[in-house]
Amino acid sequence: MAEQPLLKKTRKKGGFKALPFILGNDALEKMATYGVTTNMILYLVNEYHMEMTTASNILFLWTAANNSMPIIGAGIADSYLGRFYTIGLGSIVYLMGMVLLWLTTFIAQARPPPCDQSSDSCSPPMFLQSMVLCSSLGLISVGAGGIRASSMAFGADQLENEDDKENSGVGESYFSWYYTLYMFAILMGLTCVVYVQDNMGWKIGFGFAFVLMMFGTVSFFLASPFYVQVQTNTSLMAGLFQVVMASFRNRHFKLPSDTATNIIYYHKNGPAPGFPSSKLRFLNKACIIRDPQKDLMPDGRARDPWRLCTVDQVEDLKALLRVVPIWSTGMIMFVNLSQTSFPVLQAAATNRRITSGFTIPAASLGTITFLTVIVWVALKDSVLLPLASRVMGRPVHISTTRRMGIGIFLSSLAMSVTAAVESIRRGRAIKEGNNSEHHLISALWLVPQNCLFGLTDGFNDIAQSEFYFSELPKSMSSIASNLSGLGFAVGSLLASFVMNMVDSISKAGGHQSWISTDINKGHYDYYYLVLAGLSLANMVYYVVCRRAYGPLKAERRGVTEKEDEF
């Protein structure tokens with residue numbers, strides 16, 4: 001399958017002058033989304049009178065949608081619309097969803113009536129009210145999918161030079177600093193947006209998020225003359241399915257030995273020398289020319305592309321399938337990282353007062369996680385690796401797969417620390433029998449676990465994107481940039497499943513559920529220990545998958561022979 005050709009440049013475009021508008025729009029979307037998402041558990045519980053498990057399930061599903069839509073958007077961007085139009089359309093749809101969510105704060109009929117204080121009873125949301133709410137969240141997910149699908153890859157497109165070679169800024173540093181901006185945007189969402197919601201109400205808080213996204217969308221479209229746009233490859237997604245179909249239709253064909261010299265393989269320019277790789281050999285049946293008279297047209301093209309595919313198409317699908325086992329190891333890690341609702345309850349049950357007039361919002365304590373990522377990236381790229389290279393006298397590099405493994409281990413450690421802190425917090429709260437600030441543990445107890453989650457993200461999530469970009473063909477760059485998000489989506493669904501299982505098992509026989517709306521009556525420490533155990537098992541699974549994968553593409557080419565990896 002041919003790589004995407006660049007559009008002819010009739011004038012200088014792109015470069016660093018185009019990046020602020022692309023990445024700025026992406027950053028403002030994340031700032032608005034995370035600022036709203038983090039506090040949404042309080043909006044659902046307090047304004048829609050939902051139980052903790054119901055509200056958490058909605059948020060898990062919403063998180064899954066936010067992270068799965070980009071992979072769909074990536075396929076559309078690479079094969080049909082292109083990255084510019086995918087981001088632009090996504091921005092418009094996002095604004096529609098944010099407006100609808102904002103309207104739920106103005107229209108009283110869009111929410112259940114206030115609770116009856118005399119009888120302490122609350123009415124649940126009606127079907128139509130739930131549909132309006134879910135529709136707004138759905139539109140936000142679709143819009144976010146369009147923006148996130150292509151922003152990273154579209155930014156990289158701007159750094160292409162006239163020879164179609166990437167500038168030195170595209171690579172590990174580009175991805176690292178992209179994620180630094182990503183984390184900084186989330187940090188601003190968890191502070192500024194959350195603070196406005198907590199202190200000025202939901203109307204102004206959601207309106208503030210809408211204004212941020214409106215500014216990003218307008219500036220993105222105004223800068224359109226500067227962008228370098230890459231032509232779409234309409235055969236990309238169809239080509240992958242063609243390989244699957246051709247392999248199935250030719251399944252009865254016996255594969256020749258690797259030493260056979262009389263076998264002709266089909267390449268993009270017709271029959272030519274060159275063998276497909278020996279990995280996943282059953283797919284090679286899709287590109288073998290058995291009878292040139294029947295399989296090929298006079299001009300050398302395949303008569304039936306659903307029965308005969310090019311070697312490049314086969315190798316593209318192999319590359320995608322080969323990364324799937326390692327991709328799957330990130331799902332359990334993302335189960336831990338998607339636990340956004342429960343940490344807010346835990347933080348709300350601590351002493352967060354800084355001065356007599358200022359208390360840190362419970363949702364804002366998550367900023368520690370993202371500050372840790374920013375600090376880690378800055379130290380790694382600017383201090384640690386340059387210092388290690390100077391000491392060793394040669395370039396020092398931490399491989400992507402090594403960093404992914406470290407991140408998975410840190411994920412298990414972070415969940416274990418969270419369980420220990422929650423056990424201490426709950427024990428003291430029950431012992432004191434009072435929730436006054438004097439008896440609550442300090443919010444500083446939550447700093448270590450948040451730092452560990454930040455290091456988890458800094459090691460694993462950044463390395464995942466680098467891994468997919470380096471191992472997959474360039475024609476799949478948008479898909480590569482969103483595979484990590486797809487893992488987060490599946491992880492959110494798994495998190496919902498695990499939470500429901502723990503809830504059902506723990507409350508069997510009339511016992512109090514570990515996952516209770518009243519955090520002191522529940523046993524979130526036990527729940528966290530379950531997640532820590534799953535993470536340890538995932539660590540073993542990752543080691544097995546990494547060994548089965550074999551050498552990385554750069555290692556196979558001998559690029560890393562002069563570098564130290566540790």
Side-chain angles (χ1 to χ4, degrees), residues 60 63-64 67 172 175-176 179 182-183 322-340 342-343 366 368-370 372-373 375-377 379-380 384 397-420 448-471 480-499 527-552 555 565-566:
F60 279 137
T63 302
N67 288 283
E172 183 171 347
F175 292 113
S176 295
Y179 271 93
Y182 177 179
M183 293 299 150
R322 286 189 68 222
V323 303
V324 168
I326 289 184
W327 168 82
S328 67
T329 64
M331 294 187 299
I332 297 298
M333 186 198 71
F334 287 131
V335 167
N336 297 342
L337 293 178
S338 64
Q339 306 292 323
T340 56
F342 306 134
I368 299 171
T369 297
F370 303 106
T372 302
V373 177
V375 172
W376 161 248
V377 170
L379 289 177
K380 177 176 72 72
L384 298 180
H397 170 69
I398 308 177
S399 69
T400 55
T401 51
R402 188 65 57 86
R403 279 181 280 149
M404 289 164 66
I406 294 173
I408 291 174
F409 170 76
L410 291 174
S411 173
S412 176
L413 181 61
M415 199 52 70
S416 300
V417 171
T418 304
Q449 66 196 54
N450 280 287
C451 288
L452 286 171
F453 281 122
L455 289 175
T456 296
D457 214 2
F459 272 97
N460 188 281
D461 203 11
I462 296 175
Q464 277 197 56
S465 289
E466 292 178 36
F467 173 75
Y468 302 137
F469 258 88
S470 62
E471 295 298 300
S481 66
N482 288 283
L483 278 177
S484 176
L486 180 62
F488 206 127
V490 179
S492 297
L493 295 177
L494 285 175
S496 177
F497 173 77
V498 171
M499 182 200 69
Y527 173 61
Y528 293 143
L529 285 176
V530 171
L531 297 181
L534 290 175
S535 299
L536 280 177
N538 187 50
M539 182 68 199
V540 176
Y541 173 58
Y542 173 79
V543 172
V544 173
C545 292
R546 176 62 186 96
R547 290 183 177 179
Y549 187 84
L552 303 178
E555 295 169 340
E565 292 193 359
F566 57 89

Side-chain donor-acceptor contacts of residues 408-417 below 3.5 Å, not counting sequence neighbours, with atom names and distances?
from	atom 1	to	atom 2	distance (Å)
Ser411	OG	Asn336	ND2	2.7
Ser412	OG	Ala532	O	3.4
Ser416	OG	Ser412	O	3.0

task = Verify, without hydrogens or angle tests, whether Ser496 (side chain) and Leu493 (backbone) share a donor-acceptor contact under 3.5 angstrom.
result = no

message = What's the separation between atom OG in Ser484 and atom CE in Met333, rounded to the nearest 0.5 Å?
response = 6.5 Å

query = Given Asn538, which of Thr329, Val543, Val335 fulfils the side chain to side chain contact (heavy atoms under 4.5 Å, CB included) condition?
reply = Thr329

key: Pairwise distance OG1(Thr456) to CG(Asn460) - rounded to 0.5 angstrom   = 8.0 Å

Side chain to side chain, Glu466 and Arg403, heavy atoms closer than 4.5 Å = yes

query = Excluding sequence neighbours, so at least two apart, what forms side-chain contact (heavy atoms from CB on, under 4.5 Å) with Phe497?
reply = Met501

4.5 Å side-chain heavy-atom contact, Phe334 and Val490 = no

ask   = Residues two or more places apart in sequence or in another chain: which of them pass ring pair (Phe, Tyr, Trp, His ring centres under 6.0 Å) with Phe459?
value = Trp376

key: Pairing residues for Tyr527 by the ring pair (Phe, Tyr, Trp, His ring centres under 6.0 Å) criterion, not counting sequence neighbours   = Phe342

Anything under 3.5 Å between a donor and an acceptor, one on a side chain of residues 448-455, the other on a protein residue two or more places apart or in another chain? List them.
from	atom 1	to	atom 2	distance (Å)
Gln449	NE2	Gln346	OE1	3.0
Asn450	OD1	Thr369	OG1	3.1
Asn450	ND2	Leu446	O	2.7

ask   = OG1 of Thr400 to OH of Tyr468: how many Å apart, nearest 0.5 Å?
value = 10.0 Å

ask   = Quick one: side-chain contact (heavy atoms from CB on, under 4.5 Å) partners of Ala419, sequence neighbours excluded?
value = Tyr528, Leu529

inquiry  = Any heavy-atom pair between the side chains of Tyr541 and Ile332 that's under 4.5 Å?
reply    = no

ask   = Would you call Tyr549 and Glu471 a side-chain contact if the rule is heavy atoms closer than 4.5 Å?
value = yes

